[in-house]
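Structure first, commentary second.
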Amino acid sequence: MASTASEIIAFMVSISGWVLVSSTLPTDYWKVSTIDGTVITTATYWANLWKMCVTDSTGVSNCKDFPSMLALDGYIQACRGLMIAAVSLGFFGSIFALFGMKCTKVGGSDKAKAKIACLAGIVFILSGLCSMTGCSLYANKITTEFFDPLFVEQKYELGAALFIGWAGASLCIIGGVIFCFSISDNNKAPRMGYTYNGATSIMSSRTKYHGGEDFKTTNPSKQFDKNAYV
């Protein structure tokens with residue numbers, strides 16, 4: 001029962017993390033920068049993995065999609081690949097988890113389901129690591145440019161999508177670790193014990209003879225007395 005409850009908790013945590021990681025791809029604010037002038041002129045610059053935009057004080061946004069994937073910076077290409085890999089691994093991990101959980105009717109025997117659940121945990125851990133690496137790589141580029149005194153272009157700060165990605169990656173890793181530990185709980189299942197009672201005699205194994213009467217042996221010495229041979 002405890003192993004089943006831990007698998008359900010791991011599944012819910014991992015799926016929640018996968019949903020958060022998936023939501024970072026269309027999120028706008030991967031990096032953001034605000035320029036305040038007078039009360040009237042205020043512009044907000046923000047960018048994600050797919051486009052770069054600017055929003056004025058009236059709320060009108062002008063966006064420019066990245067023209068070519070080959071012309072992008074290396075860190076953006078790496079972040080795209082890592083985040084897409086994290087979403088794909090999370091999808092396959094959720095399928096493996098459904099087959100490996102004890103509360104489902106598919107997956108085979110308990111031993112086979114334990115191995116599938118452990119595989120789901122490993123896949124979720126890899127998904128979390130991919131998301132963590134992608135968000136950290138993007139954040140490292142932002143902080144490096146922000147604290148570089150020789151960098152004269154527009155400087156940005158960390159956006160909300162990075163924190164969502166880190167949270168989702170942490171949940172995926174935690175859920176995957178719980179799935180991996182569930183296989184050790186399955187190996188501790190109690191086994192049936194057999195006790196040896198010793199050999200029983202042939203006479204004690206006989207129960208009844210002819211219509212419920214007890215079978216009794218007679219002493220051959222009492223059947224023939226000494227006068228029988230006279």
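Please read all numbers here as calculations on a predicted model, not as lab measurements.
Trp46 is linked by a ring pair (Phe, Tyr, Trp, His ring centres under 6.0 Å) to Tyr29, counting only residues two or more places apart in sequence or in another chain. Applying the salt bridge (Lys or Arg N to Asp or Glu O under 4.0 Å) rule to Glu157 yields no partners; only residues at least two apart in sequence or on another chain are considered. Val54 meets the side-chain contact (heavy atoms from CB on, under 4.5 Å) test with Ala43, Tyr45, Asn62; sequence neighbours excluded. A search for side-chain contact (heavy atoms from CB on, under 4.5 Å) contacts involving Ala97 returns Phe11, Ala120, Phe124, Phe179, not counting sequence neighbours. By the side-chain contact (heavy atoms from CB on, under 4.5 Å) test, Ile178 pairs with Ser6, Ala10, Ile174, sequence neighbours left out.
Of the possible polar contacts, one joining the Asn48 side chain to the Lys51 backbone as a donor-acceptor pair under 3.5 Å is found. With hydrogens and angles disregarded, a donor-acceptor distance shorter than 3.5 Å links the side chain of Trp30 to the backbone of Thr24. Looking only at distances, no side-chain donor or acceptor of Ser88 sits under 3.5 Å from a matching main-chain atom of Ala85.
The minimum heavy-atom distance linking Ala161 with Thr27 is given by the pair CB-CG2, 3.7 Å. The two atoms that bring Ser22 and Pro26 nearest to each other are O-CD, 3.4 Å, heavy atoms only. Taking both residues in full, the closest heavy atoms of Glu7 and Lys102 are given as OE1-N, 3.0 Å, listed atom of the first, atom of the second, then distance. Across every non-hydrogen atom of Leu137 and Ala78, the tightest pair is CD2-CB, 3.7 Å. Considering every non-hydrogen atom in both Cys180 and Cys118, the closest pair reads SG-O, 3.9 Å.
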Acceptor/donor pairs from residues 125-135 side chains to any protein atom, 3.5 angstrom cut, sequence neighbours excluded:
residue : atom : partner : partner atom : Å
Ser127  : OG   : Ala86   : O            : 2.6
Ser131  : OG   : Gly165  : O            : 3.4
Thr133  : OG1  : Leu129  : O            : 2.7

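Screening residues 47-101 for disulfide bond (SG atoms under 2.5 Å apart) gives Cys53-Cys63 as the qualifying pairs, with residues at least two apart or on separate chains. Every pair tested for salt bridge (charged side-chain N to carboxylate O under 4.0 Å, His left out) that includes a residue from residues 52-71 fails, sequence neighbours excluded, so the list is empty. Applying the salt bridge (charged side-chain N to carboxylate O under 4.0 Å, His left out) definition to pairs two or more places apart or across chains, those involving residues 127-150 are Lys141-Glu145. Each ring pair (Phe, Tyr, Trp, His ring centres under 6.0 Å) pair with one or both residues in residues 50-92, not counting sequence neighbours, appears once here: Tyr75-Tyr138. Sorted by first and then second residue, the pairs that involve residues 163-178 and meet side-chain hydrogen bond (donor to acceptor under 3.5 Å, both in side chains), not counting sequence neighbours, are Ser136-Trp166.
Grouping the Ile, Leu, Val, Met, Phe, Trp and Tyr side chains by contacts below 4.5 angstrom, directly or via other members, places Ile95 apart from Leu171. Residues Phe151 and Leu158 do not share a hydrophobic cluster, defined by chaining ILVMFWY side chains whose heavy atoms lie under 4.5 Å apart. Hydrophobic clustering of Ile, Leu, Val, Met, Phe, Trp and Tyr side chains at less than 4.5 Å, counting indirect connections, keeps Ile164 apart from Val21. Hydrophobic clustering places Met12 together with Trp18 (ILVMFWY residues linked when any side-chain heavy atoms are closer than 4.5 Å, directly or through intermediates). The same ILVMFWY cluster, assembled from side-chain heavy atoms under 4.5 Å apart, contains both Leu119 and Met101.
For the atom pair CD1 (Ile15) and CG (Leu20), the distance works out to 11.5 Å, reported to the nearest 0.5 Å. Distance CE/Met52 to CD/Gln154: 9.5 Å, rounded to 0.5 Å. Put simply, CD1 on Ile122 and CG on Leu89 are 12.0 Å apart, with the number rounded to the nearest 0.5 Å. Of the inter-residue distances, the one linking Ser14 atom OG with Phe96 atom CZ reads 14.0 Å to the nearest 0.5 angstrom.
With side-chain heavy atoms closer than 4.5 Å counting as contact, directly or through intermediates, the hydrophobic cluster containing Phe146 also holds Phe147.
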Residue pair Arg80, Leu72: steps toward the side-chain contact (heavy atoms from CB on, under 4.5 Å) verdict
CA-CA 11 Å; Arg80 281 184 177 182; Leu72 288 176; 3.4 Å; yes
